[in-house]
There are 2 protein chains.
Amino acid sequence: MYTSSEENYLKAILKLSRKGDSPVTTGALAAEMQTTAPSVTDMLRRLAEKQLATYEKYYGVQLTEEGVRIATALVRRHRLWEVFLTEKLGFLWDEVHDMAEQLEHVQHPELIERLDAFLGHPRFDPHGDPIPDAQGRWPERQRQPLSNVEVGGQAVVVGVDDHSTAFLQYLDRLGIGLGVHIAVLERVEYDHSLCVRLVEQGRDLTLSDKAARSLFVELL
Amino acid sequence: MYTSSEENYLKAILKLSRKGDSPVTTGALAAEMQTTAPSVTDMLRRLAEKQLATYEKYYGVQLTEEGVRIATALVRRHRLWEVFLTEKLGFLWDEVHDMAEQLEHVQHPELIERLDAFLGHPRFDPHGDPIPDAQGRWPERQRQPLSNVEVGGQAVVVGVDDHSTAFLQYLDRLGIGLGVHIAVLERVEYDHSLCVRLVEQGRDLTLSDKAARSLFVELL
DNA sequence: TTTATTTTTTAGAAACAACTAAAAATAGAT
DNA sequence: ATCTATTTTTAGTTGTTTCTAAAAAATAAA
Ligand SMILES: [Mn+2]
Ligand SMILES: [Mn+2]
Ligand SMILES: [Mn+2]
Ligand SMILES: [Mn+2]
């Protein structure tokens with residue numbers, strides 16, 4: 001129905017507008033898509049032409065209802081494939097994104113619902129990100145950065161804000177992953193770094209403020 | 001590395017040349033790819049340029065070693081995905097080809113080997129077609145059309161020559177699928193149709209010559 | 001061996017998706 | 001309000017993949 005390139009733009013526009021920056025600017029999209037501003041302008045005209053977005057010159061772009069529908073379905077496909085790759089094929093959470101970027105474009109009316117059932121209808125992906133359901137509804141979960149938790153508080157890791165391989169592999173080496181139980185022991189006032197205890201492993205370690213702000217947790 | 005279009009042409013050239021028509025002609029490729037002769041000529045030049053095929057004007061095309069390697073890997077990916085779709089997601093054998101056509105182009109160094117292991121290293125796909133191994137070797141099986149089996153002979157269905165939805169759904173309705181045990185009861189001389197018994201179901205039926213020639217069996 | 005038919009290639013064009021360089025519009029600062 | 005800096009759009013180009021129409025080559029027929 002739509003090209004992979006069009007779909008990637010729709011997904012990027014949805015991501016940026018859900019982050020709050022709406023309407024989405026040409027420059028923000030160029031940065032997100034790692035391309036140039038003229039390429040973005042071209043595509044925005046095509047998306048508007050196809051009624052997937054409303055585009056006003058020098059102002060920005062917003063998805064139409066149909067655009068949101070398609071972009072949300074893409075996020076659903078991307079994240080379900082990520083679950084498949086980790087749960088069924090044994091890939092690590094830092095390895096699956098690039099494959100999912102390709103798999104999400106596979107078109108078939110029934111495929112993704114079968115995959116969803118095969119995976120047991122997961123609500124969150126390997127990075128803790130919500131998976132929209134078949135109707136486009138997003139599961140909600142009250143999560144916050146670990147850096148917000150007060151000293152003495154306890155929480156469970158439920159997501160990451162930074163999806164880079166470097167950060168994910170660093171977390172692996174520390175023994176931190178989704179579901180890990182963390183107790184905040186101390187906050188260093190000098191650089192806001194955090195001393196925490198991994199409750200299950202019974203191991204203490206120090207996290208930089210940058211790392212603590214990139215970890216999402218649910219309070220206990 | 002290569003575009004989906006290039007990969008599709010490589011796969012088609014491999015298919016036709018394995019069928020015996022080598023070198024492959026522009027016309028045969030145009031028919032196989034459902035496109036026009038000029039499009040084929042263009043692509044053959046590009047494939048030759050990239051050392052994936054040797055192409056001589058007005059003569060035909062042959063894959064290079066690298067071309068064979070890539071095309072064989074594609075067939076492997078296509079057929080492993082077809083196994084996944086039937087075995088794990090519960091699709092029927094007439095539903096999986098179009099999805100596999102898309103999935104086969106997903107690029108990743110480890111993905112297909114992980115999928116192969118997850119599926120238990122199958123050697124044949126849902127249509128009975130051989131799945132090349134990671135080194136590009138094709139499993140062999142001495143199979144023949146059901147129409148060749150003499151009266152009184154017994155055989156097991158191991159493949160189909162016609163992959164059309166119409167034929168596959170017709171077989172479903174008859175109760176014929178891979179692994180079904182067939183006994184040939186009688187050959188009608190008039191139109192070469194075949195009276196057979198489905199041994200497990202204990203049911204007798206008549207197959208046209210066209211159908212019997214499209215069914216591959218292994219003799220018992 | 002000409003002639004006619006079929007097949008294949010060339011020529012030219014269109015749609016898509018990307019780019020660089022230059023012009024235009026907007027936003028920010030004096 | 002004017003000038004400056006940034007952002008965005010326009011213009012022009014490239015590469016890919018497809019097509020139709022016309023020319024050229026190969027094959028088949030007379
Ligand atoms: Mn991802
Ligand atoms: Mn993810
Ligand atoms: Mn197939
Ligand atoms: Mn098959």
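Quick note on labels: first sequence line is chain A, next is B, and so on, each numbered from 1.
The phosphate of D/dT9 has OP1 or OP2 within less than 4.0 Å of a side-chain N or O from A/Thr26. Dashed line: the shortest gap from a side-chain N or O of B/Arg46 to OP1 or OP2 of D/dT16 is not under 4.0 Å. Using a 4.0 Å cut-off, no side-chain N or O of B/Arg45 falls inside it from OP1 or OP2 of C/dT9. Between A/Lys57 and C/dA24 there is no side-chain polar atom (N or O) within less than 4.0 angstrom of OP1 or OP2.
At the heavy-atom level, B/Ser39 lies under 4.0 Å from base atoms of the strands shown. Counting non-hydrogen atoms under 4.0 angstrom, A/Thr36 reaches a base of the nucleic acid. Nucleic acid contact for B/Tyr55: sugar-phosphate only, since backbone atoms but no base atoms lie under 4.0 Å from a heavy atom of the residue. At the heavy-atom level, B/Tyr9 lies under 4.0 Å from the strands shown only through sugar-phosphate atoms.
When distances run from any side-chain atom of A/Met43 to the nucleotides C/dT8, C/dA17, D/dT8, the shortest one goes to C/dA17. Out of C/dA11, D/dT8, D/dT9, the shortest distance to the side chain of A/Thr41 is found at D/dT9. Taking the side chain of B/Thr3 as heavy atoms from C-beta on, and the options D/dT17, D/dT20, D/dT8, the nearest nucleotide is D/dT17. Of the candidates C/dT20, D/dT17, C/dA18, C/dA18 carries the atom nearest the A/Thr35 side chain, counting heavy atoms from C-beta on. In this structure, of C/dT9, C/dA24, C/dC16, it is C/dA24 that holds the atom nearest to the side chain of A/Tyr58.
To the nearest angstrom, P of D/dT17 lies 11 Å from CD of B/Glu7. Atom CG in A/Leu44 sits about 15 Å away from atom C1' in D/dT10, given to the nearest Å. Rounded to an integer number of Å, the gap from CD of B/Glu56 to P of D/dA25 is 15 Å. A straight line from NE2 of A/His105 to P of C/dA17 spans 12 Å, rounded to a whole angstrom. Atom-to-atom, CG of A/Leu29 to C1' of D/dT8 comes out at 13 Å; the value is rounded to the nearest Å. Counting to the nearest Å, the C1' atom of C/dA13 and the CG atom of B/Asp42 are 12 Å from each other. If you take CE of B/Met33 and P of C/dT8, they are 16 Å apart, rounded to a whole angstrom. The OH atom of B/Tyr59 sits 16 Å away from the C1' atom of D/dT27 (whole-angstrom rounding).
By the neighbour-count criterion of 12 heavy atoms within 6.0 Å, atom CD of A/Gln34 is sparsely surrounded, having that number or fewer from other residues, nucleotides or ligands. Residue A/Lys88 places its NZ atom among more than 12 non-hydrogen atoms of other residues, nucleotides or ligands, all under 6.0 Å distant.
Within the 4.5 Å cutoff, no side-chain heavy atoms of B/Leu10 are placed close to those of B/Tyr2.
Electrostatic pairing of A/Arg76 and A/Asp116 counts as a salt bridge here, judged by a charged N lying under 4.0 Å from a carboxylate O. Note on A/Glu49 versus A/Arg46: no salt bridge recorded, every NZ/NE/NH1/NH2 to OD/OE distance being 4.0 Å or above.
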Would A/Asp133 and A/His121 satisfy side-chain hydrogen bond (donor to acceptor under 3.5 Å, both in side chains), going step by step from the backbone distance to the final call? CA-CA 9 Å; A/Asp133 69 17; A/His121 306 289; over 6 Å; no
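In plain terms, the two heavy atoms of B/Glu82 and B/Pro126 that are nearest each other are O-CG, 3.4 Å. Nearest heavy-atom pair, A/Trp93 versus A/Gly177, reported as atom, atom and distance to 0.1 Å: CH2-CA, 4.1 Å.
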Produce the list of close N/O pairs, under 3.5 Å, pairing protein atoms with atoms of nucleotides 3-5 of chain D; give distances to one decimal.
none

